[in-house]
Amino acid sequence: MSKIMEWIDARLPVTELIKSQATEYPTPKNLNYWWNFGSLALMVLIIMIATGLFLAMHYKPDALLAFNSVEHIMRDVNYGWLLRYMHANGATFFFVAVYIHILRGMYYGSYRAPREILWWIGIVIFFMLMGTAFMGYVLPWGQMSYWGAAVITNLMSAIPVVGEDLVVWIWGGFAVADPTLNRFFVLHFLLPLLVVGVVVVHLWALHAVHSNNPVGIDLHEGKDTLPFHPYFTIKDLYGMGVFLIVYCYFVFFAPNAFIEADNYIPADPMQTPAHIVPEWYFLPFYAILRAIDFLGAYSKLAGVVAMVLSIAILFILPFLDRSPVRSFRYRPLSKQLFWIFVVNAFVLGWVGYNPPDASLFHGAVPLILIGRVSTAIYFSYFVLLWLITALDIEKPRPVPKSL
Ligand code: HEM
């Protein structure tokens with residue numbers, strides 16, 4: 001075996017690559033479980049591509065056949081139900097992993113120098129994932145697929161001058177119809193493969209600057225680090241085991257917990273569902289869209305801009321945060337802002353889930369008002385983080401010199 005490896009290594013240094021980038025790769029010795037979510041996202045990405053590939057072998061991207069082809073997969077294809085439930089619930093678990101991954105980065109200042117490019121690549125991946133999930137949801141061609149696609153693609157019409165033409169171009173006609181479904185299928189197949197490529201660059205950028213850690217200080221190699229294998233291979237495997245148990249619970253015992261019942265009704269362009277809701281992972285952004293959308297003239301455009309901005313603002317986060325300290329563990333004010341941000345994201349999600357005209361206390365507090373306040377709180381996070389760090393209002397606690 002070693003003779004064969006020697007022969008290969010002389011021509012393509014595989015062993016050296018594995019040693020330097022995997023087994024002996026120096027990793028901060030104090031990484032906690034929040035650092036498991038990158039590998040977990042990677043695991044779910046692989047599950048999604050593997051199950052998606054087999055689903056695509058039986059799915060028909062045709063407006064007349066799509067709905068029934070999904071039922072055919074569920075009923076007739078061997079283990080088709082498993083493939084479909086793994087894939088549909090995989091989307092949910094993908095976003096759980098990625099949201100925790102992003103929040104971990106925000107809390108421990110992983111976006112700070114020298115990891116800005118790594119962070120930006122992450123945001124690009126996030127946009128790609130949202131596009132992929134949105135188009136995937138359209139494929140079963142149920143009521144929610146159809147009307148979700150109609151609502152979201154229609155948002156483009158708010159873009160001045162070209163908006164209306166753009167929507168027709170995306171639809172491939174004058175309504176969401178067969179050509180739309182066909183192109184969404186093609187893009188839904190292609191995008192995850194591109195995501196794999198971008199994830200490779202993400203990991204390349206990570207290995208160029210190395211992992212941040214809960215203390216947030218730069219490390220002395222050897223003194224503060226451990227080889228990735230066996231210490232973190234074991235830790236990642238343990239995390240995967242726990243994550244898979246929860247995932248399998250949903251796949252086997254509550255597979256429709258995250259699927260809207262309306263999506264088991266075939267798409268009907270003549271009948272709008274009473275209440276169109278996106279998947280849970282889009283709800284906070286949907287709430288931001290609606291908070292602005294009902295304000296008056298040009299509000300649709302403003303709503304769309306606010307929604308895109310709510311994610312795009314992450315790009316400038318590395319420049320907004322001026323603190324001399326990375327990790328929020330030693331930053332009392334930033335830490336409080338962070339937790340308000342997290343709770344507020346749940347409030348936005350809840351507002352997004354409810355109908356736009358809902359209210360609390362028998363009409364006393366309209367939900368749209370709560371949505372507007374929450375939207376303001378969402379954006380205030382970024383402004384306040386900048387203010388307290390740029391004006392030196394926050395006094396960080398002393399940070400250890402080494403681990
Ligand atoms: C398919 C989606 C993604 C995959 C597979 C992925 C994978 C990974 C992996 C394996 C790591 C190293 C382990 C870890 O630190 O958790 C990592 C680190 C990191 N990722 Fe991602 N990632 C994804 C999406 C994102 C997104 C959306 C962002 C941010 C917007 C992001 C930002 C980061 C940052 C800043 C680090 C370095 C963390 C540190 O060292 O503290 N990633 N990613």
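Indexing begins at 1, ligand by ligand and atom by atom, following the structure's order. Just so you know, these numbers come straight off a predicted model, no measurement behind them. The first residue in the sequence is number 1, and the count goes up from there. Below, each value reflects all heavy atoms present in this structure, side chains not excepted, and no hydrogens, waters or symmetry copies.
- Salt bridge Lys401/Asp224: absent, no basic N to carboxylate O contact under 4.0 Å.
- Between Trp35 and Tyr108, the distance from one ring center to the other falls under 6.0 angstrom.
- None of Leu45, Val199, Val201 except one satisfies the side-chain contact (heavy atoms from CB on, under 4.5 Å) rule with Ile125; the exception is Val199.
- The shortest non-hydrogen separation linking Phe67 to Tyr264 is CZ-O, 3.3 Å.
- Phe258 and Phe250 have their aromatic ring centers within a separation under 6.0 angstrom.
- Protein residues having a heavy atom under 4.0 Å from any atom of ligand 1 are Trp35, Gly38, Ser39, Ala41, Leu42, Phe94, Val98, His101, Ile102, Arg104, Ser110, Leu118, Trp119, Gly122, Ile123, Ile125, Phe126, Val199, His202, Leu203, Leu206, Ser211, Asn212, listed by chain and number.
- When ring centroids are compared, Phe184 and Phe134 come within the 6.0 Å threshold.
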